[in-house]
There are 2 protein chains.
Amino acid sequence: MSASSNIPTPEPAEDGRERRSEETREALIQAGVELFGDYGVQGTTSRMLASASQTNIAAINYHFGSKEGLYLAVAGWIAERMEERLRGARESALKILQEGPPNAETAIRIVSNVIDHVAGLMVDSDEVRTWARIIVREQTKPTLAFDILYRERMEKSQKNLARLIGFAVGIDPTSAEAKIRAHALMGQLLVFAISRESLLRALDTPKLTSAHRHLIRRILKRHVEACLAVKLPDAKPSVI
Amino acid sequence: MSASSNIPTPEPAEDGRERRSEETREALIQAGVELFGDYGVQGTTSRMLASASQTNIAAINYHFGSKEGLYLAVAGWIAERMEERLRGARESALKILQEGPPNAETAIRIVSNVIDHVAGLMVDSDEVRTWARIIVREQTKPTLAFDILYRERMEKSQKNLARLIGFAVGIDPTSAEAKIRAHALMGQLLVFAISRESLLRALDTPKLTSAHRHLIRRILKRHVEACLAVKLPDAKPSVI
DNA sequence: ACTAATAAAACAAACGTTTGAATTAAAACA
DNA sequence: TGTTTTAATTCAAACGTTTGTTTTATTAGT
């Protein structure tokens, strides 16, 4: 498309070296998302990455400096894709908020919708659950990648959710209570992404049916709404 | 103490070889609990295990056959200790159940107590959170150790909780709904053990204060009670 | 032709495991 | 009881393999 132009076109490069190079990087990152999530950084070997991405061992160091460098790139890639996946729910929620502070009823409805959207990702999307493996590894033992994931994505999500919960429950969105409540509610969703194997064994099924998934989302929705209706008794309304 | 006796005493061995051998095994398992949780099986080297346990590299293979063998022994050890930690709460709950099926109010009180007990472990006990790292690793990518952890401990806990939830909500304890609800409620607790770093950053504190821990448990207690009060509307009361 | 990118081969370092000698508590014997 | 024999355990050294990375050569777009 840009062949007739004589400008250097450092950006897209429809075909040629730059294109091929970008394809290699993308293939390595894709392999990294899968393998790092399954086997961890140390458990994933350079040869596994090269084989899965159908590239050469040397490509890892050529494009990312080191295996660790590829891992950090994978973390950044996941942060970006999470951003995309959550954008819709976040923007529609923020749009309502811009019309002024919502009443409790409206706030609960927004939270319920946002949570249901996230629940859908955790329950239905194999891709998101693959990302979740890496995120959970970083949660239990943070490395440099945790900073990337936290600062680029999780911090904002956490703050937005705490803000909504503040409106819904009628408490300070920056209070410890709002933050802890947000944490607890997210846990109720996360467990369906990370403890999938326990759930499958409990339900005695090799994989979730669509009926299962539907039931999970119904339960989560009602649980979250019930939690948001809870008001903590007077004593220490927002400790620390 | 048993020196004057001439029976072989193959069991206790107050002092001597058997004692020393047992100490070595215990030291290796302790090192394994810490290191496997932090770095995973592949990420933990034989030399790290030998150094942390103040033993020799060869001791791993001598006592457990291989590094993998030690890992499985660690999984079994964790399952046993979890059993001990949960015994009190479980027995007091089962005692009440033996007096006949409880009414919903009683069942909710029992669940609330059990959950609060578990929440205490997740929030307060550094030891339990260390175990949780290994358990979570197995959840995201099950290995042979998952079978040990699941069959020896998690399956029973899951069934007991689902049973209680059945009484509390008034549904079949073996239904998918009861199992999924148990899963969701446990997730609300688990997240405080595994996503500790996110929580600390959100609360902007290097470590949880006792006020934080108290608040977390109050919130979880109220959340769980609120969730148990939820009844799913008619359609598909116990699908699958 | 030049150069960015890929591929193959080679590297030292670190890996899990094995070996064999040094210990040392217990059993056997005197 | 005192001594020797036996066997379980510990330890240092070494094993062959695999690791992440680097080097060198080849390919292919500009």
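Reminder, nothing fancy here: chain letters follow the sequence lines and each chain counts from 1.
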Using whole Å, report how far CE of M48(A) lies from P of dT19(D). 9 Å
Can a side chain N or O of N56(A) be found less than 4.0 Å away from OP1 or OP2 on dT6(C)? no
Record whether the side chain of R47(A) comes under 3.5 Å of the base of dG20(D) through a donor-acceptor pair of N or O atoms. yes
Can any side-chain N or O of T205(A) pair as donor or acceptor with the backbone N or O of L208(A) at less than 3.5 Å? no
Is there a side-chain contact between H63(A) and the phosphate of dT6(C), meaning an N or O under 4.0 Å from OP1 or OP2? yes
Holding to salt bridge (charged side-chain N to carboxylate O under 4.0 Å, His left out), I want the full list of residues that pass it with K159(B), two or more places apart in sequence or in another chain. E155(B)
Rounded off to whole Å, could you give me the CD1-to-P distance for the I60(B) and dT18(C) pair? 12 Å
Base, sugar-phosphate, or nothing: which does A59(A) touch, judged by heavy atoms less than 4.0 Å apart? nothing
Among residues two or more places apart or on two chains, list those pairs meeting salt bridge (charged side-chain N to carboxylate O under 4.0 Å, His left out) that have a residue in residues 181-193 of chain A. E177(A)-R181(A)
Among residues 21-44 of chain B, which residues get a heavy atom nearer than 4.0 Å to DNA chain D? S21(B), T24(B)
Applying ring pair (Phe, Tyr, Trp, His ring centres under 6.0 Å) to F146(A) and not counting sequence neighbours gives Y150(A)
Please state how far atom OH in Y62(B) lies from atom P in dC11(D), giving the value in whole angstrom units. 13 Å
Between S21(B) and R25(B), a side-chain donor and acceptor under 3.5 Å: yes
Is the phosphate of dG16(C), meaning OP1 or OP2, less than 4.0 Å from a side-chain N or O of N61(B)? no
Rounded to whole Å, the CD-C1' distance (Q54(A) to dT6(C)) equals 14 Å
Can you name the salt bridge (charged side-chain N to carboxylate O under 4.0 Å, His left out) partners of E23(B), sequence neighbours left out? R19(B)
Whole angstroms only, please: what is the CZ-P distance between R20(B) and dA26(C)? 12 Å
Any residue meeting side-chain contact (heavy atoms from CB on, under 4.5 Å) with A59(B), in chain and number order, not counting sequence neighbours: T24(B), L28(B), T55(B), H63(B)
Using C1' atoms of five pairs at each end, report the bend of the helix from dA1(C)-dT30(D) to dA30(C)-dT1(D) rounded to 10 degrees. 10°
Pair up each side-chain donor or acceptor in residues 193-203 of chain A with any protein partner under 3.5 Å, not counting sequence neighbours, and list the distances.
residue, atom, partner, partner atom, Å
R196(A), NE, F192(A), O, 3.3
R196(A), NH2, M122(A), O, 3.4
R196(A), NH2, V123(A), O, 3.2
R196(A), NH2, F192(A), O, 3.2
E197(A), OE2, R201(A), NE, 3.4
S198(A), OG, Q139(B), OE1, 3.1
S198(A), OG, Q139(B), NE2, 3.0
R201(A), NH1, D147(B), OD1, 2.8
R201(A), NH2, D147(B), OD1, 3.0

Under the salt bridge (charged side-chain N to carboxylate O under 4.0 Å, His left out) rule, collect the residues that match up with K141(A), sequence neighbours excluded. D38(B)
Atom-pair distance (CD on E18(A); C1' on dT6(C)), nearest Å: 16 Å
Provide, to the nearest angstrom, the distance between the CD1 atom belonging to I57(A) and the C1' atom belonging to dA12(C). 15 Å
